[in-house]
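See below for the structure under consideration.
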Amino acid sequence: MLAPEVETTADDIAEMEVRGAATIARAAADALEAQARASDAATPAGFREELRAAARRLRDTRPTAVSLPNALRFVLNEVDGDSVADLREATVDAAERFRDQLDRAQDDLGAIGANRLRDGDTIMTHCHSTDALACVEAALDDGKDVEAIVKETRPRKQGHITAKQLREWDVPVTMVVDNAARRYLDDVDHVLVGADSIAADGSVVNKIGTSMLAVSARERGVPVMVAAQTLKLHPDTLTGHTVEIEMRDEAEVLSDEERAEVGDVDVENPAFDVTPPRYVDAIVTERGQFPPESVVTLMRELYGEGTSEPWAEE
Ligand code: RI2
């Protein structure tokens, strides 16, 4: 019943072939569109059921980045019509609108974030965030020179992706292991990171190690800027829910070969951690920059007091 693109996309997200909260959201919208195009459902009810099943398959891949359910909700809530053809067209249109909105949000956010960066500034990055890099790109477009100290970001070393992108923009890059971050903070003007989810109290859920970096930055007096389009706001936290932290395969931390050498140890591999709002100076969104404690106002405005699960089985 599921289109092959849905299965492939779900596998790619789970395996992190497709990764990064915004990129995951886009891939999910693309997959729903593919499902709509491929559907040979005989009735509108059958079409809707297929789409919900596709959304559930995508939803179940990774639990932490709220951009994924927010994207699925955006598309599913726009699917309206009396015939299969109408529903298909509505799905394709909604996916298209979603992609446009995503692109526009990242551009707008980048322009706002760039205003925080001055000519000659050095940033320190953690992991790879397209929202964070949008701020750098906009600053470069404004004619500012920016340098970067890029944290490697264990265990998957997504810092390499950040370094590669920055070098393509001719930004001077110094790569450091995660443990060296505090040593170099005195040379840094801004810590600049992205987010997978932002909770109603302004807590930032991002790649594991973000909170340690933010605490060190606060101690050193270096401002911490989180670049996160509003797609990263987690509406369930308005009603007291917490954000689930994904635990990943222990082989990412300790290979079978290493384990044979080390012996019988338990390994924990959380993909994300939570940075309390007091360690964050600004959350930069496409709607402006916010002190973390005030982001709840924006969240209420955009997502109301609760959320639906339009992918639920009926
Ligand atoms: P953008 C990533 O998670 C990182 O934690 C990054 O900061 C965040 O998504 C946001 O990325 P992962 O998918 O949406 O690498 O800004 O586990 O691209």
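We count ligands from 1, going down the list as the structure has it; atoms in each ligand are counted the same way.
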For a salt bridge (Lys or Arg N to Asp or Glu O under 4.0 Å) with R220, tell me which candidate from D189, D187, D186 qualifies.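 Answer to the salt bridge (Lys or Arg N to Asp or Glu O under 4.0 Å) test with R220 among D189, D187, D186: D186.
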Measuring from atom [atom1] of [X] to atom [atom2] of [Y], what distance do you get when rounded to the nearest 0.5 angstrom?
X	Y	atom1	atom2	answer
L58	E7	CG	CD	9.0 Å
L109	L231	CG	CG	11.5 Å
D93	E33	CG	CD	9.0 Å
E17	T9	CD	OG1	12.0 Å

Enumerate the atoms of ligand 1 whose separation from the nearest heavy atom of [X] is less than 4.0 angstrom.
X	answer
F272	3 (O), 5 (O), 17 (O)
Q158	15 (O)
K232	1 (P), 14 (O), 16 (O)

Which heavy atom of the protein is the closest neighbour of [atom], given with residue, atom name and distance?
atom	answer
atom 16 (O) of ligand 1	S129 OG, 2.7 Å
atom 11 (O) of ligand 1	A21 N, 3.4 Å
atom 2 (C) of ligand 1	D196 OD2, 3.5 Å
atom 14 (O) of ligand 1	A22 N, 2.7 Å
atom 17 (O) of ligand 1	K207 NZ, 2.6 Å
atom 15 (O) of ligand 1	R19 NE, 2.6 Å
atom 10 (C) of ligand 1	A195 O, 3.4 Å
atom 7 (O) of ligand 1	N206 OD1, 2.6 Å

Does [X] have more than 12 heavy atoms from other residues, nucleotides or ligands lying within 6.0 Å of its [atom1]?
X	atom1	value
D256	CG	no
D82	CG	no
E168	CD	yes
E258	CD	yes

Ignoring hydrogens and geometry beyond distance, is a side-chain donor-acceptor pair present between E252 and N269 at under 3.5 Å? yes
C127 N/O under 3.5 Å from ligand 1 N/O: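 No: no nitrogen or oxygen of C127 is under 3.5 Å from one in ligand 1.
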Ignoring angles and geometry beyond distance, decide whether T23 reaches within less than 3.5 Å of ligand 1 through its nitrogen or oxygen atoms. no
Whether [X] lies under 4.0 Å from ligand 1, heavy atom:
X	answer
S67	no
E246	no
M16	yes
R156	no

H126, portion touching ligand 1 at heavy-atom distance under 4.0 Å: neither
Looking only at atom types and distance, does a side-chain atom of D121 sit under 3.5 Å from a main-chain N or O of R118, one as donor and one as acceptor?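 Judged by distance alone, yes, a pair lies under 3.5 Å.
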Quick one: which of L231, T130, V205, V204 has a heavy atom closest to atom 18 (O) of ligand 1?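 Nearest heavy atom to atom 18 (O) of ligand 1 lies in T130.
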